[in-house]
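Data first, discussion second: the structure below is written as structure tokens.
Keep in mind that this is a model prediction, so the values were computed, not measured.
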Amino acid sequence: MAFTETKTSTDQDAPAPVEKERLRRLLNQGERPAPPSAFASARAFAWRSMLKIKHVPEQLGDILVFPIIMLLMFTYLFGGAIAGGTGDYLQFLLPGIMVMSIVMTTIYTGMSVNIDINKGVSDRFRTLPIWRAAPMVGYLLADMFRYAAAGAIMFGTGMIMGYRPAGGAAGVLLGVVLLLVFCFAFSWVWTWLGLITRSEKTVMSISMSIMFPLTFLSNIMVDPATMPGWLRPVVENTPISQLVDGVRGLFDGTSPSGAVATTLIWSAGFIAVFGFLTLRAYNRK
């Protein structure tokens, strides 16, 4: 009986030394590309988050519907009781309700981070030769679009209802910029929360437990002068109240330099503290 010599699959698949050397020379012909800059990495992740909105446009429902409902409801239901008329109350309410709606929208940043963590997507990001903070900053940059869109929709609705900013276009623009700066800084709180919690439902429940007292314990809907004496100084000095004072003053054409400066200090503090906590928690995941 004739026997034929056969090779195992391992022997057949293993390249010869000459082929290994040729492959090595081919791989070493060009220089290894430099890693992307921090800005390029953050921009790429911001675009990734924007593509999510493109493919799932219903994500914009919270910024298309919720702000309009809030403005209409508070103006026409409570305007007469609080200010004696809807027109006067709208002039007072719109900057505050804009702050309330957009600041609440920042919660979704923490939920997005938590979803990526639980799905294992962030594990892949950490294997890339990129700036470590790029995924987190990318989330926040993309959410700036959501904040700006919500502000534009609410302001446009207010103009249709009869709101007229005494500060003109310049005052409105400065007020919106101040609001976006604060929201960018405040989003770091929820980014950190999204990293340390186990589920997106936990992020939502904790966030709402913080946001509801913080927004209602402010000057968004009523003047703190109408509150009890022991409560008034507390309300006037919360970060939300200072932000509302700054935005409302810029919209009205006054000079709220103190409120603007305090808001910027709060923003810097949020970034310094919760930015550090976010990056430390992200590196330890």
Considering all heavy atoms of both residues, which atom of [X] and which atom of [Y] are nearest to each other, and what is their separation?
{"X": "Ala142", "Y": "Ala46", "value": "CB-O, 3.5 Å"}
{"X": "Met154", "Y": "Leu94", "value": "O-CD1, 4.0 Å"}
{"X": "Gly194", "Y": "Val203", "value": "CA-CG2, 3.9 Å"}
{"X": "Arg248", "Y": "Ile220", "value": "NH2-O, 3.3 Å"}
{"X": "Ala150", "Y": "Ile102", "value": "CB-CG1, 4.0 Å"}
{"X": "Ser101", "Y": "Pro67", "value": "OG-CA, 4.0 Å"}

If hydrophobic clusters are built from ILVMFWY residues whose side chains come within less than 4.5 Å, do [X] and [Y] share one?
{"X": "Ile69", "Y": "Val99", "result": "yes"}
{"X": "Leu279", "Y": "Leu140", "result": "no"}
{"X": "Tyr282", "Y": "Ile115", "result": "no"}
{"X": "Phe39", "Y": "Ile130", "result": "no"}
{"X": "Val222", "Y": "Trp230", "result": "yes"}

Is there a side-chain contact between [X] and [Y], using heavy atoms and a 4.5 Å cut-off?
{"X": "Phe184", "Y": "Ile271", "result": "yes"}
{"X": "Met221", "Y": "Phe74", "result": "yes"}
{"X": "Asn114", "Y": "Leu193", "result": "no"}
{"X": "Tyr147", "Y": "Ser187", "result": "yes"}
{"X": "Phe186", "Y": "Val103", "result": "yes"}
{"X": "Phe92", "Y": "Ile82", "result": "no"}
{"X": "Phe251", "Y": "Val176", "result": "yes"}
{"X": "Asp143", "Y": "Thr106", "result": "no"}

Notebook entry, point to check: Are Val113 and Met136 close enough, and set up right, to give a side-chain contact (heavy atoms from CB on, under 4.5 Å), and what steps lead you there?
Noted result: CA-CA 8 Å; Val113 171; Met136 302 296 106; 4.3 Å; yes
With rounding to the nearest 0.5 Å, note down the distance linking [atom1] in [X] to [atom2] in [Y].
{"X": "Arg48", "Y": "Leu51", "atom1": "CZ", "atom2": "CG", "answer": "9.5 Å"}
{"X": "Ile206", "Y": "Lys201", "atom1": "CD1", "atom2": "NZ", "answer": "14.5 Å"}
{"X": "Tyr108", "Y": "Met204", "atom1": "OH", "atom2": "CE", "answer": "5.0 Å"}
{"X": "Ser207", "Y": "Leu214", "atom1": "OG", "atom2": "CG", "answer": "12.0 Å"}
{"X": "Tyr163", "Y": "Met98", "atom1": "OH", "atom2": "CE", "answer": "7.5 Å"}
{"X": "Ile196", "Y": "Ile117", "atom1": "CD1", "atom2": "CD1", "answer": "12.0 Å"}

| query | Could you walk me through whether Met161 and Thr86 pass the side-chain contact (heavy atoms from CB on, under 4.5 Å) check? | reply | CA-CA 10 Å; Met161 294 170 61; Thr86 57; over 6 Å; no
Which of Val65, Leu72, Leu71 passes side-chain contact (heavy atoms from CB on, under 4.5 Å) with Ile68? Answer is Leu72
Verify side-chain contact (heavy atoms from CB on, under 4.5 Å) between Leu231 and Leu217, making sure each step is shown before the conclusion. CA-CA 9 Å; Leu231 183 60; Leu217 196 68; 3.8 Å; yes
The single option from Tyr139, Phe125, Trp131 that satisfies ring pair (Phe, Tyr, Trp, His ring centres under 6.0 Å) with Phe45 is Phe125
Ring centroid separation Trp188 to Phe270 under 6.0 Å
no
Please answer whether the main-chain N or O of [Y] pairs with a side-chain N or O of [X] as donor and acceptor at a distance below 3.5 Å.
{"X": "Gln242", "Y": "Glu236", "answer": "yes"}
{"X": "Ser241", "Y": "Val235", "answer": "yes"}
{"X": "Asp223", "Y": "Ala225", "answer": "yes"}
{"X": "Thr109", "Y": "Thr191", "answer": "no"}
{"X": "Gln91", "Y": "Arg164", "answer": "yes"}

**Any donor-acceptor N or O pair under 3.5 Å, side chains Ser199, Thr202** =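 Yes, because at least one side-chain N or O of Ser199 sits under 3.5 Å from a partner of the opposite role on Thr202.
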- Task: Given side-chain contact (heavy atoms from CB on, under 4.5 Å), test Ile240 with Phe216 step by step and report yes or no.
- Result: CA-CA 9 Å; Ile240 299 296; Phe216 282 95; over 6 Å; no
